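Computation of the quantities below employed the complete heavy-atom set of this structure, encompassing side-chain atoms and omitting hydrogens, waters and symmetry-equivalent molecules. None of these values were measured; they are calculated from a predicted model.
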Amino acid sequence: MTAPQAYSSGRRRTLIPCLLGLLVGAFTMVITAIAQSTSVAELQARLPIEINGWRAANGDRTFDEQTIFSYIDGAGELYRAYNMQNCLSRRYSKKGETDITLDVFDMGTSEDAFGVFTHDTDGDRIDIGQDARYRPGWLSFWQNRFYVSIYLDEESAAAEKAVKSLGKLVASAAGESGSRPQNLNLLPPVGLDAGSIRYLHHPIVLNYHYYLFDENILLLSPQTDAILASYHRSGEQARLLLISYPKALTARNALAGFREHYLPDADSGGLAHLENDKWAAVALYDRLLTIVLEADGRLLAKNLIREAGQQASRE
């Protein structure tokens, strides 16, 4: 056998496993894509019928943005405020044990799944899905475009274990991790309380976390991205509200409305000393409206406004 023939034969032997590796990789990518749930119906088909002896009751229930009020009347508006598409509810039962209720909300986008999750972030962090929290009798997390809530009628050690096992299976069925809102990058990092972050679009949600005004003076809508967060620096505290608008004109109108109705005494730089001895500030950077609410000190309010503008200029 000549040298060129030996090279050719060895090359073929090398290429065969390489080609097989490529084929296996491609097959794995296809399987991964198939496993990615893109709707409540797809995720429903992947949910377990039984978990740790708890069996799913006959007949899952599904709700849309209109019928959700027949299921959770008191909180239906919250999910609508985050553009909810559908909700799946399944109940698991086991003789001699408390029932487990699984609610999966398709929020349409991973950003809104993250948003509705941030509405209540109390509890202990656990490694399930994205950002999971567990408090007695209730597990919540987000994954992909879904917000997941699993709760118990009554607490028990066995039921808690089953809830966490179920959560892991639901997170896996939901598919790959979703993306957080890009505007989170606009928050100044120094002193930020990450657990306080609230992402929202609707004045009802904003007023729940920080009441401003009965009317929608900030012109919030499904097209606006708002972030509310708390800061702690050198013994002082403040809350920062960032709102990104689709059009500069809408942002300017929101600024005018806010100054007129909420900060009529603000100086030319947007700073105001409040009656409770706190400080507030407002500034507009193109389509980004930045508002500091009740800062303990004037300098803290001024610095947060300035730093938010610097963050915006880097993006």
Do L241 and L218 come close enough that some side-chain heavy atom pair is under 4.5 Å? yes
Candidate pair H201 and Y199, rule ring-ring contact (aromatic ring centres under 6.0 Å, His included), full reasoning: CA-CA 7 Å; H201 312 287; Y199 173 76; 5.2 Å; yes
CG on D286 to OG on S244, rounded to 0.5 Å: 9.0 Å
Heavy-atom closest pair, residues L186 and Q311: O-CB, 3.4 Å
Counting only N and O atoms by type, is there a donor-acceptor contact under 3.5 Å from the side chain of E65 to the main-chain atoms of N83? no
For residues D103 and Y151, determine if any side-chain heavy atom of one lies less than 4.5 Å from a side-chain heavy atom of the other. yes
The reported gap from CZ in R239 to CD1 in I291 (rounded to nearest 0.5 angstrom) is 13.0 Å
Do V205 and L240 belong to the same hydrophobic cluster, where Ile, Leu, Val, Met, Phe, Trp and Tyr are linked whenever their side-chain heavy atoms lie under 4.5 Å apart, directly or via other members? yes
Within the supplied structure, the quantity of interest is the number of heavy atoms (other residues, nucleotides, ligands) at a distance under 6.0 Å from K94 NZ; does it exceed 12? yes
Test side-chain contact (heavy atoms from CB on, under 4.5 Å) on Y92 and V163 and set out the steps. CA-CA 10 Å; Y92 290 85; V163 163; over 6 Å; no
Should the ring pair F63 and Y71 be called parallel, tilted or perpendicular, given that the plane angle runs from 0 to 90° and is split at 30 and 60? parallel
Stepwise ring-ring contact (aromatic ring centres under 6.0 Å, His included) check, Y208 with H119: CA-CA 9 Å; Y208 178 89; H119 184 69; 4.6 Å; yes
Between R198 (side chain) and T118 (backbone), is there a donor-acceptor pair under 3.5 Å? yes
Among H273, E294, K302, find the residue that satisfies the side-chain contact (heavy atoms from CB on, under 4.5 Å) test when tested with W279. H273
Modelled atom types, side-chain donor and acceptor of S110 and W142, under 3.5 Å: no
Derivation and outcome, side-chain contact (heavy atoms from CB on, under 4.5 Å), residues L47 and L169: CA-CA 7 Å; L47 295 178; L169 292 174; over 6 Å; no
Separation between CG of D193 and CG of L187, rounded to the nearest 0.5 Å: 11.0 Å
Can you tell me if T67 and D64 form a side-chain donor-acceptor pair at under 3.5 Å? yes
Grab the two heavy atoms, one from T121 and one from R133, that are nearest each other, plus how far apart they are. O-NE, 3.1 Å
For the OG atom of S177 and the CG atom of N144, what is their distance to the nearest 0.5 Å? 8.5 Å
Measuring from atom CZ of R90 to atom CD of Q44, what distance do you get when rounded to the nearest 0.5 angstrom? 6.0 Å
Taking the side chain as C-beta and beyond, is there a heavy-atom pair between I49 and R55 under 4.5 Å? yes
Note, K247 side chain near Q223 side chain (heavy atom, < 4.5 Å): no
Would a distance-only check, ignoring hydrogens and angles, find a side-chain to backbone donor-acceptor pair under 3.5 Å from S172 to K168? no
Near Q182 CD, under 6.0 Å, is it more than 12 heavy atoms from other residues, nucleotides or ligands? no
Under the side-chain contact (heavy atoms from CB on, under 4.5 Å) criterion, do V282 and Y262 qualify, and how do the steps go? CA-CA 10 Å; V282 61; Y262 197 81; over 6 Å; no
Test applied, side chain to side chain donor-acceptor pair (under 3.5 Å); reference residue, R145; option that passes from D106, T109, D112: D106
Mark yes or no for whether D120, through its side chain, and D122, through its backbone, hold a donor-acceptor pair below 3.5 Å. yes
Please report the closest heavy-atom contact between V40 and V104, naming both atoms and the distance. CG2-O, 4.2 Å
Scanning both residues in full, the closest heavy-atom pair of F141 with G167 reads CZ-O, 3.4 Å
If you measure from CZ on R306 to CG on L299, what distance do you get to the nearest 0.5 Å? 8.5 Å
Show your reasoning for whether salt bridge (Lys or Arg N to Asp or Glu O under 4.0 Å) applies to K278 and D296. CA-CA 5 Å; K278 306 286 185 179; D296 286 338; 2.5 Å; yes
Would you indicate whether the side-chain heavy atoms of I197 and L192 approach each other to under 4.5 Å? yes
Less than 4.5 Å apart, any side-chain heavy atom of F146 and any of L43? yes
Hey, does F105 have a side-chain heavy atom less than 4.5 Å from the side chain of I68? yes
Heavy atoms, side chains only, cut-off 4.5 Å: are L284 and T290 in contact? no
List the steps and the verdict of side-chain contact (heavy atoms from CB on, under 4.5 Å) for Y210 and L293. CA-CA 9 Å; Y210 189 94; L293 301 162; 3.7 Å; yes
Give a yes or no on whether I217 and L289 share a hydrophobic cluster (residues Ile, Leu, Val, Met, Phe, Trp, Tyr; joining criterion: side-chain heavy atoms under 4.5 Å apart). yes
P188 and A308: which non-hydrogen atoms are nearest, and at how many Å? CG-N, 3.8 Å
Flag yes if more than 12 heavy atoms outside D127 fall under 6.0 Å of its CG atom; otherwise flag no. no
Is there a chain of hydrophobic side chains (I, L, V, M, F, W, Y, each step under 4.5 Å between heavy atoms) that links I204 to I243? no
Locate the shortest heavy-atom distance separating D131 from F117; write the atom from each residue and the value. O-CZ, 2.8 Å
Classify the side-chain pair R91/T101 by whether it contains a donor and acceptor separated by less than 3.5 Å. yes
Within one Ile-Leu-Val-Met-Phe-Trp-Tyr cluster: L300 and L271, side-chain cutoff 4.5 Å: no
Any side-chain donor paired with an acceptor under 3.5 Å for S140 and R135? yes
Do L184 and L220 sit in the same hydrophobic cluster, where Ile, Leu, Val, Met, Phe, Trp and Tyr count as joined when their side-chain heavy atoms come under 4.5 Å apart? yes
